[in-house]
Enquirer: 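Sharing a structure here in structure tokens format.
These values consider heavy atoms only, across backbone and side chains, with no hydrogens, waters or symmetry-generated copies. Keep in mind it's a predicted model, so treat the numbers as computed, not measured. Per chain, numbering begins at 1; letters A, B, ... match sequence-line order.
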2 protein chains.
Amino acid sequence: MVRYMIDVDPMATVRRFNRSYTQRIGALEDSFLGLGLPLGATRLLFEVGVQPATVQALRGRLGLDSGYVSRLLRRLEADGLVEVAADPADRRRRVVSLTPIGEKRWSELEARSDDKAKTLLEPLSERQQRRLAACLSEADLLVRAATVTFEEVDPASPAAREATGMYFTELRRRFDFDDAGLDRRDAEALRPPGGVFVLAVSDGEAVACGGVQTIGAGVGEIKRMWVRDTWRGAGLGGRLLHHLEERARNFRHALVRLDTNETLTEAIGLYERSGYRPIDRYNDNPHATHFFEKPLE
Amino acid sequence: MVRYMIDVDPMATVRRFNRSYTQRIGALEDSFLGLGLPLGATRLLFEVGVQPATVQALRGRLGLDSGYVSRLLRRLEADGLVEVAADPADRRRRVVSLTPIGEKRWSELEARSDDKAKTLLEPLSERQQRRLAACLSEADLLVRAATVTFEEVDPASPAAREATGMYFTELRRRFDFDDAGLDRRDAEALRPPGGVFVLAVSDGEAVACGGVQTIGAGVGEIKRMWVRDTWRGAGLGGRLLHHLEERARNFRHALVRLDTNETLTEAIGLYERSGYRPIDRYNDNPHATHFFEKPLE
DNA sequence: TCATGTACCTGACCATAGTCAGACGATCTT
DNA sequence: AAGATCGTCTGACTATGGTCAGGTACATGA
């Protein structure tokens, strides 16, 4: 009837997991019920508790109608669980935050989530608990990686600056890197019409980045490829590289080049696996030790 | 901020997985919406499609009120999606099944589930898809094992007969086993007050069984320990054995014995791991080659 | 300063989800 | 054969979830 071990069709496996898991725990709602508040109000309370936010932000995060959220907030307010105050920066906006009583309710929600996880783990031996945790952790990484979205942003935007900042920090840890003055020059080249800068975003957070610029007729260059350390091993780098090559193709480049430092072994491995061949130095980048290129068919 | 790989707390891992997974796919409901039917009716339609059933069974599977299910059925009937007919065996009961139109709608639901799984898998490389499938498959087995419930049933009940039937089939495959007349005799001993027969149930299906009987003053005997082949390797046997020892303790037994056949190597391994020591033959069971006992503190 | 737009709110409205108390025929028990 | 029980259905009812059309205060740009 059910054959867990010998199954090899990934799609069937995912479907079976979805069905069995959501039936058992996935009823996320369960833990959101029984607090004396209806589900919608509880979801809102939880969201406010994660981080105080404007009404607008809450609406966005939960995907709810403006009037509906407003009504829910009145209810939470009447119950003394949240406070709503005008945003000093823009008095049309209103900021919602938890009252002390609200905090208490919120931690009850947390405790319920803990309980649910505990019920699931308790019957298992310690070894099995660790196996389950390992499986879910790896699955989580893969699922997150699969649902990452690539967004084209201006290389001077705050989000892009933050990502490149982390990239530079990483470089500094690996070798004697100095980024003085880099930002200004590069930002120009990584902007349309000759270039592009891409962020990989998950849960509103940049987890990888990279750009393409034009360095000659028909020749593009991949720049600032970076993957957050906690996201490595999920194939994100390969997907990003592929995405950037696609963009280079759109620029009518017949060839992409890139340089890198010998200490960045994962990156070098990725380039080699992805069809890049070592070439001679093609620029005067003092930090680069290895140079690659790949023809785009 | 998030550290996937170095996390070792199983509870935190489970919680994080729940949150991220349900956010991305777990919204099981998504695929149940947009069919022109409300959620409740769609859930019922799906359940009927999995297997035609009595109203009672549907109520149980979905955990819904009798009146509510009846109303939903009237709606599905009016839409020409299901047929309701009296059960010939008991004309109070009514059996629900899909009409051809209903079948068509049901396969739309299936297609939606497939789509959802596909969206998740598509961005991943084939190797990663296999890794994800392997992780989810193992997690699924562990989660199912953790949520199994132990139910005490009469050894002559249909559910118990079915489980022991599968047990005997297994024995026949392993060695020259003959169950002639066993049922009748054993059933008596595995019933209160002197014994008990336990089924491990998952999704309404028996996945393991076992019993305890009294064979002397203060001495119990474990009988008919069986775990469905697809459920092995999840520690279910150990939990069941532990559960049965608990029951034996309730009978005030100071000692439990059991016999087994040399071909049942997994079982022998389990007994040895669980503190059972080999002893001399204590009965005339022609099929038994190995004998064990364990003192209950 | 005035038109225009934005952020949030209120009232009116509706379908869905779910509960509960009988009603009614079929079946089981004695 | 009568009474109890079971399985399903109907009617009456409630709360929840969600939409929509204005309305009001604030912000912005010409």
Enquirer: Rounding to an integer number of Å, can you tell me how far Leu73(A) CG sits from dA7(C) C1'?
Expert: 13 Å
Enquirer: Would you mind reading off the distance between Arg75(A) atom CZ and dT10(C) atom P, rounded to a whole angstrom?
Expert: 16 Å
Enquirer: Given dC9(C), dT8(D), dC8(C), identify the nucleotide with an atom nearest to the side chain of Arg93(A).
Expert: dC8(C)
Enquirer: Give a yes or no on whether the backbone of Leu81(A) and the side-chain of Thr99(A) come within a donor-acceptor separation of less than 3.5 Å.
Expert: yes
Enquirer: Without placing hydrogens or testing angles, list every side-chain donor-acceptor pair under 3.5 Å for residues 72-79 of chain A, not counting sequence neighbours.
Expert:
from, atom 1, to, atom 2, distance (Å)
Arg74(A), NE, Glu77(A), OE1, 2.9
Arg74(A), NH1, Ser70(A), O, 3.4
Arg74(A), NH1, Ser70(A), OG, 3.3
Arg74(A), NH2, Glu77(A), OE1, 3.3

Enquirer: Among residues at least two apart in sequence or on other chains, which ones pass salt bridge (Lys or Arg N to Asp or Glu O under 4.0 Å) with Arg71(B)?
Expert: none
Enquirer: Can you name the residues that form a side-chain contact (heavy atoms from CB on, under 4.5 Å) with Lys104(A), not counting sequence neighbours?
Expert: none
Enquirer: In whole angstrom, what separates Leu44(B)'s CG from dT8(D)'s P?
Expert: 13 Å
Enquirer: Output, in order, the C-alpha distance, side-chain angles, deciding distance and verdict of side-chain contact (heavy atoms from CB on, under 4.5 Å) for Leu141(B) and Arg144(B).
Expert: CA-CA 5 Å; Leu141(B) 180 60; Arg144(B) 284 172 188 266; 5.5 Å; no
Enquirer: Checking contacts here: which listed nucleotide (dA7(C), dC9(C), dT8(D)) is nearest the side-chain heavy atoms of Ser66(A)?
Expert: dC9(C)
Enquirer: Under the ring pair (Phe, Tyr, Trp, His ring centres under 6.0 Å) rule, what pairs show up with a residue in residues 87-119 of chain A, not counting sequence neighbours?
Expert: Phe46(A)-Trp106(A)
Enquirer: If the cut-off is 4.0 Å, is Arg74(A) near the phosphate of dC9(C), judged by side-chain N/O to OP1 or OP2?
Expert: yes
Enquirer: Please give, in whole Å, the distance from dG5(C) P to Gln56(A) CD?
Expert: 17 Å
Enquirer: Apply side-chain contact (heavy atoms from CB on, under 4.5 Å) to Ala139(A) and list each qualifying residue two or more places apart in sequence or on a separate chain.
Expert: Phe17(B), Leu132(B), Cys135(B), Leu136(B)
Enquirer: Listing request: all ring pair (Phe, Tyr, Trp, His ring centres under 6.0 Å) pairs with a residue in residues 63-89 of chain B, at least two apart in sequence or in separate chains.
Expert: none
Enquirer: Which parts of nucleotides 17-23 of chain D does protein reach within less than 4.0 Å, heavy atoms only, written one letter per nucleotide 5' to 3' as B for base, S for sugar-phosphate only and - for none?
Expert: SBBB---
Enquirer: Check side-chain hydrogen bond (donor to acceptor under 3.5 Å, both in side chains) between Asp65(A) and all other residues, then give those that pass, not counting sequence neighbours.
Expert: none
Enquirer: Show me, pair by pair, the donor-acceptor contacts under 3.5 angstrom made by side chains of residues 149-156 of chain B, not counting sequence neighbours?
Expert:
from, atom 1, to, atom 2, distance (Å)
Glu152(B), OE1, Arg247(B), NH1, 2.7
Glu152(B), OE1, Arg247(B), NH2, 2.9
Asp154(B), OD1, Ala156(B), N, 2.7
Asp154(B), OD1, Arg191(B), NH1, 2.7
Asp154(B), OD2, Arg191(B), NH1, 2.8

Enquirer: Pairing of DNA chain C as dot-bracket, 5' to 3': ( ) intra-strand, [ ] crossing, | other strand, . unpaired, with Watson-Crick or G-U pairs under 3.5 Å?
Expert: ||||||||||||||||||||||||||||||
Enquirer: Salt bridge (Lys or Arg N to Asp or Glu O under 4.0 Å) with Arg93(A): which residues, sequence neighbours excluded?
Expert: Asp87(A)
Enquirer: How would nucleotides 25-30 of chain C be written as a contact map, 5' to 3', with B for base contact, S for sugar-phosphate-only contact and - for no contact, using protein heavy atoms under 4.0 Å?
Expert: BBS---
